[in-house]
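Notes follow the structure.
Numbering of ligands and ligand atoms starts at 1, following listing order. Computed from heavy atoms alone, side chains included, the values below leave out hydrogens, waters and symmetry copies.
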Amino acid sequence: MQDIFDNELPAIAVRGIIPLPNNEFRIEVGRDISIKAMEIAEKKFDSNILLLIQKNPLDIDVNIDSIEEIGVLANISIKLKLPNNSFKVKFKVLDRVKLISFTQEKPYLMAQYVKVNTIIKSDTEELALVRQVVQAVVDKQNAIVVNQEEVSKIVQSGVTSDVISDVIAFNLKSNQNKYKYLKTLELEKRLEFILEDIQTEKQIVELENKINAEVKKSIDESQKEYYLREKMKAIQTELGDKAKQDEEIEKLRKAIEDAKMPESMYKKAMQELSRYQSTNSQMAESSTIRNYLDFITSLPWDNHSKDIDDLNKVAEVLNKNHYGLDKVKDRIIEYLAVKTMTKKTPRTILCFAGPPGVGKTSLGKSIADALGRQFVKSSLGGVSDEAEIRGHRRTYIGALPGRILKGLKDAKTSNPVFLLDEIDKMASNYRGDPASAMLEVLDPEQNSQFSDNYLEEPYDLSQVLFITTANDLSNIPAPLRDRMEIIELSSYTEFEKFNIAKNHLISRELENHGLNSEQLIINDDVLYAIIQNFTREAGVRELDRLIATICRKAVKEILMNKKDQVVVTSDNITAYLGKVKFFNNLNRNQNQVGIVTGLAYTQFGGDTLDIEVTYYPGKGGLVLTGKLGDVMKESAQAALSFVKAHHNDFGINSNIFSENDIHVHVPEGAVPKDGPSAGVTLTTAIVSALTGKSVDSHIGMTGEVTLRGAVLPIGGLKEKAIAAHRSGLTTILIPKENENDIDDIPAEVREHLTIIPVSNVMDVISHTIK
Ligand code: ADP
């Protein structure tokens with residue numbers, strides 16, 4: 001090879017790579033000077049070319065000083081032109097050469113050179129080094145060369161040591177100072193360099209790995225930290241919830257302990273509490289248990305109010321709050337006297353019976369006030385489901401305790417005065433009989449162990465002072481009624497109403513409306529006018545409402561018209577209350593044939609009813625119209641039969657019955673009325689119609705009649721008398737057997753009424769039809 005050329009060849013300077021003999025490599029050649037050199041090499045020198053090493057890769061111009069002393073002789077094996085006019089060239093490196101001088105620098109480099117040979121000792125030391133180097137490269141663990149597989153193949157294919165050294169050195173990953181492999185001529189040295197470099201490379205790799213590991217670790221660590229932080233947050237929330245829950249459980253536990261429940265209830269409460277604790281709060285069951293626990297802890301188990309045993313005080317409170325009602329008050333005080341004496345809740349239950357608005361509820365409240373007990377009220381009107389009294393089983397969705405326990409919860413003491421309002425209005429249906437549950441509530445034998453389905457444990461009602469109210473005693477089931485001590489309250493007379501209004505209602509309403517007794521004056525005759533012409537009621541509710549209406553309007557006047565005082569008189573009453581509603585006395589001025597006034601007794605108190613009879617040609621039929629119940633229809637039949645049987649006595653022609661139809665009409669009125677006591681009225685009305693003789697419209701009557709004409713006693717005389725008075729009647733005929741009841745009629749009514757007891761319907765006729 002030395003002889004091929006005369007030591008002069010075109011040359012190009014390369015940078016960034018140290019070509020080594022026995023290797024091939026590709027580079028991009030772009031500089032004009034280099035491209036020219038290649039062209040010449042190809043043309044004239046069989047593609048042989050010198051590759052010189054630029055000392056500083058950044059130099060653009062090349063001169064002898066900027067070139068390393070040792071370069072290589074190479075052969076251009078492939079040359080591809082690239083779109084940017086540079087060339088991709090593959091060189092096959094043949095020999096190390098030493099640059100002597102440039103013989104030409106432009107347009108391309110020409111250089112003189114001498115080949116330099118590798119000094120190979122081939123001693124054992126060198127061989128050992130070769131083996132070591134090969135070993136290191138072949139070891140896959142190391143990966144210290146690029147193209148490891150290819151390189152391994154070459155170095156193991158029986159090539160000479162210097163080839164091995166060049167191939168490995170050229171392919172070493174580390175790029176550090178590879179020029180040393182070119183310029184060092186001793187093979188042994190080169191092999192040592194390789195081992196050194198391998199060592200360094202290994203260290204670098206190790207270091208890199210270590211750094212990578214560190215980096216990874218730090219990344220892992222920060223991720224780990226993030227993860228842990230997140231987890232910690234979750235745990236903290238969890239712990240917080242738990243803490244909250246613990247707090248709640250603790251509160252409930254304390255509430256249970258504080259409630260002083262009986263042993264069995266306490267055990268159950270604790271069981272429920274631990275169930276609550278272990279139930280997921282998201283589940284519906286959890287809130288069911290919670291409601292239960294809340295309920296049982298708010299029930300008064302051992303919380304009594306102390307009774308005021310001073311009966312004089314009781315009497316005082318009753319008198320203060322209630323006008324009249326002397327008998328009622330006496331009964332109440334007697335009842336409480338027994339209670340005080342025996343120190344036990346009386347075995348019977350008070351029942352205030354009477355029309356609405358006569359003070360039943362307010363008496364109950366007064367009793368509670370007088371005894372210093374809490375007052376609760378539960379209205380039983382319309383209750384038809386036993387569960388309303390006794391509660392629902394908790395398995396029910398939306399289960400609730402019954403009214404009794406609910407009332408006690410509201411009372412907050414276990415011995416309140418408990419008013420069961422309208423006990424006569426309970427109805428039984430397919431859901432069970434509330435009356436029988438009520439029986440258990442009111443029975444002193446049983447009520448210390450009252451069982452409510454919701455509570456599931458017995459509750460002691462024996463300390464509760466139950467009071468019931470009813471409008472109509474006949475609607476109370478007999479077993480219940482047996483438990484009760486009935487105290488009847490009857491309708492108020494106009495005089496009583498007047499006094500109630502004057503002494504109680506007006507002052508209360510004035511206060512409710514922020515007025516004083518100077519600002520609003522309601523004259524007495526106005527009160528009477530309201531009672532007579534604007535209300536028709538047994539009690540005083542409507543009266544109370546109308547007084548409130550007047551107060552409201554007075555307040556408005558005082559504020560808007562800047563008045564100091566409002567005076568309501570009978571002249572300006574309609575401005576406050578509108579038109580007169582009832583004309584009690586006006587239509588009594590005319591006597592009419594076939595119209596007779598009866599006296600009736602309803603759950604709303606006494607009332608009057610006008611019975612009308614007329615007849616017209618027909619076939620002897622009886623026509624009944626209006627609001628008549630079955631009893632009244634039969635009474636009408638009986639009355640007609642009686643009149644037929646005694647037509648001679650009345651001077652009635654018997655033909656009249658066969659040639660006419662007789663029509664009896666009972667105007668409906670506000671409240672349906674039924675009962676036998678219309679007998680005398682029906683008979684009198686028929687006689688009046690058939691005889692053509694009128695009956696004084698100021699006469700009222702009541703009494704049941706037998707077919708023989710006997711007048712049987714009736715109930716509710718007092719109410720009927722009050723109603724008669726209220727309606728402007730002046731005379732009433734009553735069954736003789738009711739004479740004893742005349743005492744019950746309030747004096748102020750009695751003195752305005754002529755009361756005629758009768759024992760036979762003939763007496764009635766003789767008193768009325770003249
Ligand atoms: P009831 O329960 O019989 O339907 P309430 O007790 O509700 O009647 O009474 C209705 C109103 O009439 C209450 O405001 C009450 O204070 C009043 N009242 C009834 N009777 C009297 C009375 N004798 N004295 C004073 N106020 C009475």
Quick one: does [X] get an N or O within less than 3.5 Å of an N or O on ligand 1?
| X | value |
| --- | --- |
| Pro356 | no |
| Leu505 | no |
| Lys360 | yes |

Taking atom [atom1] of [X] as the centre, report whether more than 12 heavy atoms of other residues, nucleotides or ligands fall under 6.0 Å from it.
| X | atom1 | result |
| --- | --- | --- |
| Gln565 | CD | yes |
| Asp564 | CG | no |
| Lys339 | NZ | yes |

Check each heavy atom of [X] against ligand 1 and say whether those closer than 4.0 Å belong to the side chain, the backbone, both or neither.
| X | answer |
| --- | --- |
| Arg508 | side chain |
| Leu325 | side chain |
| Phe352 | neither |
| Val540 | side chain |

Exercise for the section: Find all atoms of ligand 1 within a distance of less than 4.0 Å from any non-hydrogen atom belonging to Tyr492, and give their numbers and elements. Expected result: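 Those qualifying, in numeric order: 20 (N), 21 (C), 22 (C), 23 (N).
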Exercise for the section: Check each atom of ligand 1 against the heavy atoms of Asn321 and keep those under 4.0 Å away; list them by number with element. Expected result: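 So the atoms of ligand 1 that pass are 24 (N), 25 (C), 26 (N).
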Handout entry: Ser570/Asp525 under side chain to side chain donor-acceptor pair (under 3.5 Å): CA gap, chis, key distance, verdict
Key = CA-CA 6 Å; Ser570 45; Asp525 54 344; 3.1 Å; yes
Exercise for the section: Compute the minimum heavy-atom distance from Gly324 to ligand 1 and say whether it is under 4.0 Å. Expected result: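 So Gly324 does not count as touching ligand 1.
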Handout entry: Min heavy-atom dist Thr469 to ligand 1 below 4.0 Å
Key =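 False for this residue.
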Nearest to [atom], what protein heavy atom do you find, and at what distance?
| atom | result |
| --- | --- |
| atom 7 (O) of ligand 1 | Arg541 NH2, 3.4 Å |
| atom 2 (O) of ligand 1 | Thr361 OG1, 2.4 Å |
| atom 26 (N) of ligand 1 | Ile500 CG2, 3.6 Å |
| atom 24 (N) of ligand 1 | Tyr323 N, 2.9 Å |
| atom 15 (C) of ligand 1 | Ser362 OG, 3.4 Å |

Practice task
Let me see the working for Asn471 and Lys425 under side chain to side chain donor-acceptor pair (under 3.5 Å), right down to the final yes or no.
Solution key: CA-CA 8 Å; Asn471 290 146; Lys425 301 270 167 43; 2.8 Å; yes
Problem - Basic-acidic side-chain contact under 4.0 Å: Asp421, Lys360 - result: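 No salt bridge links Asp421 with Lys360.
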Handout entry: Cationic N near anionic O, under 4.0 Å, Glu488 to Lys327
Key =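 No, this pair does not count.
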Practice task
Give a yes or no on whether the ring-centroid distance for Phe466 and Phe418 is below 6.0 angstrom.
Solution key: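 Yes, ring centres under 6.0 Å apart.
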Handout entry: Ring centres under 6.0 angstrom apart (Tyr492, Tyr323)
Key =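 No: the rings miss the under 6.0 Å criterion.
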Handout entry: For atom 8 (O) of ligand 1, the option (of Gly359, Gly354, Ala353) bearing the nearest heavy atom
Key =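 It is Gly359 whose heavy atom sits nearest to atom 8 (O) of ligand 1.
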Handout entry: ring-ring contact (aromatic ring centres under 6.0 Å, His included) assessment of Tyr396 paired with Tyr454
Key = CA-CA 9 Å; Tyr396 251 59; Tyr454 183 81; over 10 Å; no
Exercise for the section: To the nearest 0.5 Å, tell me how far Trp301 CH2 sits from Leu408 CG. Expected result: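 Between atom CH2 of Trp301 and atom CG of Leu408 there are 10.0 Å.
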